[in-house]
Protein chains: 2
Amino acid sequence: MPTLEDVAKKAGVSTATVSKVLSNTPYFTEATRLKVLQAVKDVGYVPNLAARALSSGRTQIIAVVFPHVYDPIFSDPRVLVVLEGIDAECRQRGYNLLLSTPRVVEGELDENYLQLIQSGYMDGVIALDHVPFAAVLEPVVNKGIAAVSIGGMARYSVNSDHYSGGRLLAQHLLELGHRNIGLIAVPEHINVGTDELMRGIRAGLRAGGLELDCLPQAVGDYSIDSGAACAATLLEQHPELTALLCLNDRMAMGALQQAHRLGRRVPADLSITGYDDIPAAASTIPPLTTVNQQSLTAGHEAARMLFDILDGQTPESKVIPVELVVRGSSGPAGGQ
Amino acid sequence: MPTLEDVAKKAGVSTATVSKVLSNTPYFTEATRLKVLQAVKDVGYVPNLAARALSSGRTQIIAVVFPHVYDPIFSDPRVLVVLEGIDAECRQRGYNLLLSTPRVVEGELDENYLQLIQSGYMDGVIALDHVPFAAVLEPVVNKGIAAVSIGGMARYSVNSDHYSGGRLLAQHLLELGHRNIGLIAVPEHINVGTDELMRGIRAGLRAGGLELDCLPQAVGDYSIDSGAACAATLLEQHPELTALLCLNDRMAMGALQQAHRLGRRVPADLSITGYDDIPAAASTIPPLTTVNQQSLTAGHEAARMLFDILDGQTPESKVIPVELVVRGSSGPAGGQ
DNA sequence: AAACGATAGTTAAACGCTTAACTTTCAGCC
DNA sequence: GGCTGAAAGTTAAGCGTTTAACTATCGTTT
């Protein structure tokens, strides 16, 4: 592989000049610039990133961290979308993406991850940090590396406005006339975002005169199967229910399936709503009413924020508006 | 950050000794080993990966390449599953994952990607290389970097047995008594795997006395919407159809939706099959009969193969068996 | 007792780049 | 014509590892 020195020789200048030309440091003539660029082409020079990293202390790598805890991250369809947003911003700036999926057992981060953080191998970190007890970013911040959290609480973070999402959803069902609403929830404090969502739902219901804690609830684990199981339980114990409010789309899909099995027509007999607007939500039968939390935007914003920090700025944390997506799975209470 | 030298000083040995102890090179006493290890702990030493990479020429990074072409890679649910398999193998061996999504326009790879490959920043590459005209691995192989392809044709590759998948699917429909089968396809030669799949379907149909080319076909683009559109066209022009064979799950989901709209009961009036067994396939209504192509296994196998190559071996390319998953969307022709 | 081979550790060069500090050149000015 | 200061390059010192080549020690063998 040709090195800087080869280029320098070919161009008849010093390696320092070549380096400066390539990094656009001022103070050299146009003639030199062209000479160097030509030489780069002639010898087929490509910078060695490891050498550059060692010398400059910057790697042009940013790590995306998906803690592997509770719900296996790889089964979360949002991940890929967030990643897409991040990737778009990074490629634009010539940064590369390193993927890390640290294990978190009993609140302890795995050793490899800690080492990676310490290794000086990345300029910044973006974490899908939705788990309150997995403070994935703590070692990063301690090390003084730029860090942005998506869906978590940190100095710099990007969050979807789950509170509003919850309110919108509750309001939507209330407007359709539903008073007998069942909730398919998850354990408390599993996820910061979900807690916010619950707060929003509570507020929305209260605005319509309903008290969340008085509604029938079943606790699932975000999975499709748990949604089906919860729906079965709720509908058996509370046949009067006309709506099921599910805290994510996958559980809603499970509920939809279960309703179908039980012969409940959706939305005529039973309205079902989800949360997330995963791709599949648009093509269930009937399509799912849900809330789109704009994961793509979140990815973009998080990356932009990170680059702002790297530029020495101190950006504000962002809250991303969500959007109620009304589809066929919700309808008027007591509909024909 | 403490360096090797700090450790060496603390332990009262040379940096070379420290380095060797840490890399388990033979020839040092247990006493020295302990002394060094203790010193490492005392000063909180973590190796600098950039320096290690520069010096040793190995980075402990392997790149996963998802060419961004035709169907945006980020909308393919398989990606995440493959990634999970690769990740598991890599973390076991202390390797890190770099994500690259090169753009491919008119058969040309983007410049950044080429640079990345040349930059010496990775020890190996795994490509989701299903696009024949995007020879993403070519520059990698030329550079002499270990490379494994998933779903492509390369010296080392991992492929699902789509041919058998196609046969199984065709056979399944034939056994259910279907003779009027419509095909929801995609343009030819878009994807090596899909071409194989078509070959399998053709063979399976032929074994039952049907000729693929005589069946009604509509051409989609893998998306849910295109599946719905194709189904609409086919069912209108060929109301006699009792089965729709779709080349992927997403198009099958679209077809399912469309059948529902048209009032065709599935599977009583119309059987629909998919391909891929994406997570959502299990929870459509009715659940989708499809073929699971074992993407997780593919990820695992590809990574293992890559590490074998890095170990100096010359592994055989693998074909991964697929599995027909019969669910509720397919039933006897002319069912009640 | 000399020679030898294994074992245990050291020295120092190399990896390819960046960058602070320095030198040279030259236009502009009094 | 000498001085100044900006512009254009160069020199060389790192960055933190790895590793080939070397030295030193010590227990065996002849």
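Just so we're on the same page: letters track the sequence lines, and every chain starts at 1. FYI, side chains are in, hydrogens and waters are out, and symmetry mates aren't considered; it's all heavy atoms of this structure.
Nearest nucleotide to the side chain of A/Y45, out of C/dC17, D/dG16, C/dG9: C/dC17. If you check D/dT19, D/dG9, C/dC15 against the side chain of A/T17, the one that comes closest is D/dG9. In this structure, of D/dT19, D/dT11, C/dT18, it is C/dT18 that holds the atom nearest to the side chain of A/S19. Ranking C/dA21, C/dT18, D/dT18 by closeness to the A/K20 side chain, first place goes to C/dA21. Considering only side-chain atoms of B/A51, the nucleotide from C/dC17, D/dT19, D/dT17 that sits closest is D/dT17. Of the candidates C/dT11, D/dT17, C/dT18, the closest approach to any side-chain atom of A/T15 belongs to C/dT18. Among D/dG9, C/dT18, D/dT18, the nucleotide with an atom closest to any side-chain atom of A/T32 is D/dG9. If you check C/dT19, D/dT18, C/dG16 against the side chain of B/L4, the one that comes closest is D/dT18. When the nucleotides C/dA8, D/dT17, D/dT10 are ranked by their closest atom to the side chain of B/T29, C/dA8 comes out on top.
Applying the ring pair (Phe, Tyr, Trp, His ring centres under 6.0 Å) test to A/Y95 and every residue at least two apart in sequence or in another chain returns A/F307.
One atom, CZ of B/R58, and another, P of D/dT18, lie 9 Å apart when rounded to the nearest Å. To the nearest angstrom, C1' of C/dG16 lies 6 Å from CG of B/L54. As rounded to whole Å, 10 Å separates atom P of C/dT18 from atom CD of A/Q60. Atoms OH (B/Y121) and C1' (C/dC15) sit 14 Å apart, rounded to a whole Å. One interatomic measurement links the two molecules: CE of A/M1 to P of C/dC17, which rounds to 11 Å at whole-angstrom precision. Put simply, NZ on B/K9 is 13 Å from C1' on D/dG16, counting in whole angstrom units.
Between the side chain of B/N96 and the backbone N or O of B/I61 there is no donor-acceptor pair closer than 3.5 Å. Judged purely by atom type and a 3.5 angstrom limit, B/D311 has no side-chain atom pairing as donor or acceptor with the backbone of B/Q313.
Between A/G94 and A/Q60, the shortest heavy-atom contact is O-NE2, 3.7 Å. Of all the heavy atoms in B/D123 and B/L310, the pair that sits closest is O-CD2, 3.5 Å.
A/T3 comes within 4.0 angstrom of the backbone, heavy atoms only, and of no base.
If you check distances only, the side chain of B/S14 never reaches the base of C/dT10 with a donor-acceptor pair under 3.5 Å.
Between A/R52 and C/dT18 there is a side-chain N or O to OP1 or OP2 distance below 4.0 Å.
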